[in-house]
Undergrad: 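Here it is, the structure, as structure tokens.
One is the number of the first residue; the rest follow in order along the sequence. Computed over heavy atoms, backbone and side chain alike; hydrogens, waters and symmetry mates excluded.
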Amino acid sequence: MQSVRLTRASAIQPVVGRAASKNARRYTVMTMAGLKVAVTGAAGRTGALVVKKLVERKDQYEPRAIVRNASSKSKLAQMGVPESAIYEVDISTGGAEAFGKAFAGADALVIATSAVPVLKPLSLIRVFWAKLTGGKAMPDFGWKEGQLPEQVDWLGQKVQIDAAKAAGIKKVVLVSSMGGTDKENNLNKLGDGNILQWKRKAEQYLIASGLNYTIIHPGGLIDEADGQRELLVGVDDTLLKQTMRSIPRGDVAELSVQCLTLKAADNRSFDVISRKPDEGTPTKDFEALLSGLQGNCDYSINSQW
Ligand code: NAP
């Protein structure tokens, strides 16, 4: 399979062309105005941080923000995304045509959509009672109609991958989740949604699409400062053995942006967590981080295909 790699725009290299060697496996796509990057789930907690980073690097990137509904549009406009670059697409109503419009002419896509579980408030009574009586209980979650993981994380990502391919997008970065090797993972029990199973199915669909991909499996997401921690990468959920298995959303956002253009991120699927801020050296060289990781996640484990 021929791999297409995006390179960040440079004012001194206004080139649209292919690598010199006749047998070169990689093409370089460069634009004067910067990489046009569509971000879905752009109003979400990680998606918004990806957009923020792209806006801050406007010499390199032209972000497009795709949000679920009109109420999120002003949030993105306030972040500096031009109104003409904010698109509204609700996956639960299909989305193929609307994603097609949003992705037209884009170079790359970051997928940060995901089904959002809804807490069942009455279940908290059981949780409080368990606490009072020295027991343990977890709250119950459900999903809004049309917003189940099967619909958002599988069909909703499939429609984005198809639309990306049809629009000629060259690179897709998918923010997914660690835990997908184990169908018994507790996250699958959340609202009986099997969320990791559906995410894994979408990942396998992306890999089969022939698009240049990077699939990121973060550990538990936390809202703490980014750029302060050493990141650890791995495959096949081996990092779940670590005692600290979380990572700031901002670090996942930075990694997503870096993976748009890093050679070592081409056609890779990997897990990522972070050390505590006072342990290790904050990761700055993402190419070194990823080129130091041997292999990719093995989708013959708990295959959803
Ligand atoms: P998030 O804040 O929950 O954002 C999810 C985004 O998906 C939101 O922007 C939401 O739109 C959008 N979305 C949901 N349903 C949609 C629909 N029908 N149509 C269009 N958009 C829709 O995400 P996050 O917590 O930052 O997580 C980012 C990713 O990491 C997710 O895939 C998540 O599963 C994964 N992850 C999470 C954890 C964790 O600890 N929470 C750990 C590992 C991996 P609205 O803005 O309109 O709600």
Undergrad: I need the minimum non-hydrogen distance between Pro139 and Val127, along with the two atoms involved.
TA: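 In this case the closest contact between Pro139 and Val127 is N-CG2, 3.5 Å.
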
Undergrad: Please check if atom CD in Glu97 has more than 12 non-hydrogen atoms from other residues, nucleotides or ligands closer than 6.0 Å.
TA: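 Atom CD in Glu97 is not crowded, with 12 or fewer foreign heavy atoms closer than 6.0 Å.
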
Undergrad: For residues Lys171 and Thr261, is any side-chain donor paired with an opposing acceptor at under 3.5 Å?
TA: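 Judged by distance alone, the side chains do not pair up.
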
Undergrad: Taking all non-hydrogen atoms of both residues into account, name the closest pair between Ile169 and Ala108 and its distance.
TA: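 Between these two residues, the closest heavy atoms are CG2-CA, 3.9 Å.
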
Undergrad: If the plane angle is over 60° it's perpendicular, under 30° parallel, otherwise tilted; pick one for Tyr205 and Trp305.
TA: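 Rings of Tyr205 and Trp305: tilted, as their planes differ by 30° to 60°.
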
Undergrad: Would you call Asn69 and Asp90 a side-chain contact if the rule is heavy atoms closer than 4.5 Å?
TA: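 Asn69 vs Asp90: side chains apart.
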
Undergrad: Kindly give the heavy-atom pair with the smallest separation between Pro218 and Ser176, and that separation in Å.
TA: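 For Pro218 and Ser176, the tightest heavy-atom pair comes out as CD-O, 3.0 Å.
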
Undergrad: Testing Lys52, Lys53, Gln60 for side chain to side chain donor-acceptor pair (under 3.5 Å) with Glu56, which one passes?
TA: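 Exactly one pass, corresponding to Lys52.
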
Undergrad: Parallel, tilted or perpendicular: which describes the rings of Tyr299 and His217, with under 30° parallel and over 60° perpendicular?
TA: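 Judged by the thresholds at 30° and 60°, the geometry between Tyr299 and His217 is tilted.
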
Undergrad: Could you see if Phe270 belongs to whatever hydrophobic cluster contains Leu221? Use Ile, Leu, Val, Met, Phe, Trp, Tyr and a side-chain cutoff under 4.5 Å.
TA: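 Same cluster.
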
Undergrad: Can you spot which of Glu224, Glu254, Glu279 makes a salt bridge (charged side-chain N to carboxylate O under 4.0 Å, His left out) with Arg229?
TA: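 Answer to the salt bridge (charged side-chain N to carboxylate O under 4.0 Å, His left out) test with Arg229 among Glu224, Glu254, Glu279: Glu224.
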
Undergrad: Would you say the side chain of Cys297 lies within less than 4.5 Å of the side chain of Ile215, judging by non-hydrogen atoms?
TA: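 Heavy-atom side-chain distance check fails, nothing below 4.5 Å.
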
Undergrad: Could you tell me whether Lys189 atom NZ has more than 12 heavy atoms of other residues or ligands within 6.0 Å of it?
TA: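 Correct, the count exceeds 12.
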
Undergrad: Using distance alone, with no hydrogens and no angle criterion, decide if Tyr213 and Ser269 have a side-chain donor and acceptor under 3.5 Å apart.
TA: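 The answer is no; no qualifying pair exists.
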
Undergrad: If every non-hydrogen atom of Cys259 is compared with every non-hydrogen atom of Thr214, which pair is closest and at what distance?
TA: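 In this case the closest contact between Cys259 and Thr214 is SG-CG2, 3.7 Å.
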
Undergrad: Verify, without hydrogens or angle tests, whether Gln157 (side chain) and Leu155 (backbone) share a donor-acceptor contact under 3.5 angstrom.
TA: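 Not at all, since once roles are kept as given, no pair shorter than 3.5 Å links the two residues.
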
Undergrad: In sequence, state the C-alpha distance, the side-chain angles, and the governing distance for Lys144 and Ser92, and then conclude on side chain to side chain donor-acceptor pair (under 3.5 Å).
TA: CA-CA 10 Å; Lys144 285 190 183 153; Ser92 62; over 6 Å; no

Undergrad: Would you check if Leu206 and Lys158 make a side-chain contact, meaning some heavy-atom pair closer than 4.5 Å?
TA: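 SC-SC contact between Leu206 and Lys158 ruled out.
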
Undergrad: Heavy-atom count around Trp129 CH2 within 6.0 Å, excluding the residue itself: above 12?
TA: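 Open.
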
Undergrad: Dump the intermediate steps for side chain to side chain contact (heavy atoms under 4.5 Å, CB included) on Val257 and Leu35, then the final yes or no.
TA: CA-CA 11 Å; Val257 172; Leu35 277 186; over 6 Å; no

Undergrad: Within a strict 4.5 Å, meaning less than it, do heavy atoms of the Glu62 and Val37 side chains meet?
TA: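 Not in contact.
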
Undergrad: Quick one about Glu230 and Thr281 (side-chain donor to acceptor, distance below 3.5 Å, no hydrogens or angles considered), yes or no?
TA: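 Looking only at side-chain atoms, Glu230 and Thr281 do not form any donor-acceptor pair under 3.5 Å.
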
Undergrad: Treat each ILVMFWY residue as a node, draw an edge where side-chain heavy atoms are under 4.5 Å apart, and state whether Val252 and Phe286 are in one component.
TA: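 Cluster IDs for Val252 and Phe286 match.
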
Undergrad: Tell me whether Arg249 is salt-bridged to Asp226, with the criterion being a basic N under 4.0 Å from an acidic carboxylate O.
TA: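 No.
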
Undergrad: With a 3.5 Å cut-off and no angle check, do the side chains of Asp251 and Ser274 form a donor-acceptor pair?
TA: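 Judged by distance alone, the side chains do not pair up.
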
Undergrad: For Gly34 and Asp107, which heavy atoms make the closest approach, and how far apart are they?
TA: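 Looking at all heavy atoms of both residues, the closest pair is O-OD2, 4.1 Å.
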
Undergrad: Out of Val233, Val272, Asp271, which one pairs with Leu239 under the side-chain contact (heavy atoms from CB on, under 4.5 Å) rule?
TA: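 Considering Val233, Val272, Asp271, a side-chain contact (heavy atoms from CB on, under 4.5 Å) with Leu239 is found only for Asp271.
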
Undergrad: Kindly say whether Gln151 contributes a backbone atom to a donor-acceptor pair with the side chain of Trp198 at under 3.5 angstrom?
TA: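 Judged by distance alone, no pair lies under 3.5 Å.
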
Undergrad: Is Lys75 reaching over with its side chain to a backbone N or O of Ala43, donor-acceptor style, under 3.5 angstrom?
TA: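 Side chain of Lys75 to backbone of Ala43: a pair is present.
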
Undergrad: If you group Ile, Leu, Val, Met, Phe, Trp and Tyr by side-chain heavy-atom gaps below 4.5 Å, do Leu148 and Val152 land in one group?
TA: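 Result: no, two separate clusters.
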
Undergrad: Can you list every ring-ring contact (aromatic ring centres under 6.0 Å, His included) pair that touches residues 71-93, not counting sequence neighbours?
TA: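 As it turns out, there is no ring-ring contact (aromatic ring centres under 6.0 Å, His included) pair with a partner in residues 71-93 once direct neighbours are skipped.
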
Undergrad: Taking Arg275 for its side chain and Pro282 for its backbone only, find out whether a donor-acceptor pair lies under 3.5 Å.
TA: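 Looks like no, no N/O pair under 3.5 Å.
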
Undergrad: Look at Lys201 together with Asp153 and state whether they make a salt bridge at an N to O cut-off of under 4.0 Å.
TA: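 Looking at Lys201 and Asp153, the cut-off is not met.
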
Undergrad: State yes or no: do Leu49 and Leu76 share one hydrophobic cluster built from I, L, V, M, F, W and Y residues joined by side-chain heavy-atom distances below 4.5 Å, directly or via other members?
TA: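 In one cluster with Leu49: Leu76, no.
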
Undergrad: Determine the minimum heavy-atom distance between Thr113 and Gly41, stating which atoms define it.
TA: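 Smallest interatomic distance, heavy atoms only, reads CG2-N, 3.3 Å.
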
Undergrad: Salt bridge check, Glu287 against Lys263: does any charged N sit closer than 4.0 Å to a carboxylate O?
TA: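 Result for this pair is no, no salt bridge flagged.
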
Undergrad: What distance do Ile301 atom CD1 and Asp182 atom CG have between them, rounded to the nearest 0.5 Å?
TA: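 That separation rounds to 11.0 Å.
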
Undergrad: Taking side chain to side chain donor-acceptor pair (under 3.5 Å) as the definition, give me every residue that meets it alongside Ser303, ordered by chain and number, with sequence neighbours left out.
TA: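 Applying side chain to side chain donor-acceptor pair (under 3.5 Å) to Ser303 gives Gln204.
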
Undergrad: Can you tell if the side chain of Asn194 reaches within under 4.5 Å of the side chain of Pro149, non-hydrogen atoms only?
TA: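 Asn194 does not reach Pro149 side chain to side chain.
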
Undergrad: When hydrophobic residues are tied together by side-chain contacts of less than 4.5 Å, even through go-betweens, does Ile66 share a cluster with Ile161?
TA: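 Same cluster.
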
Undergrad: Going by atom types only, do Thr238 and Asp236 share a side-chain donor-acceptor pair under 3.5 Å?
TA: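 Not at all, the side chains of Thr238 and Asp236 share no donor-acceptor pair under 3.5 Å.
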
Undergrad: Would you say that Ile216 contacts Leu174 through its side chain, given a criterion of any heavy-atom pair below 4.5 Å between the two side chains?
TA: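 No, side chains not in contact.
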
Undergrad: Indicate whether the side chain of Thr40 and that of Gln160 have a donor and an acceptor atom separated by less than 3.5 Å.
TA: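 A donor-acceptor contact under 3.5 Å links the two side chains.
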
Undergrad: Applying side-chain contact (heavy atoms from CB on, under 4.5 Å) between Leu289 and each of Thr283, Leu262, Leu232, report the one that passes.
TA: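 Only one option passes, and that is Thr283.
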
Undergrad: Between Arg68 and Gln147, is there a side-chain donor-acceptor contact under 3.5 Å, judged purely by atom types and distance?
TA: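 Yes.
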
Undergrad: Would you mind telling me which of Pro117, Ser177, Ser114 makes a side-chain contact (heavy atoms from CB on, under 4.5 Å) with Ile195?
TA: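 Only match with Ile195 under side-chain contact (heavy atoms from CB on, under 4.5 Å): Ser114.
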
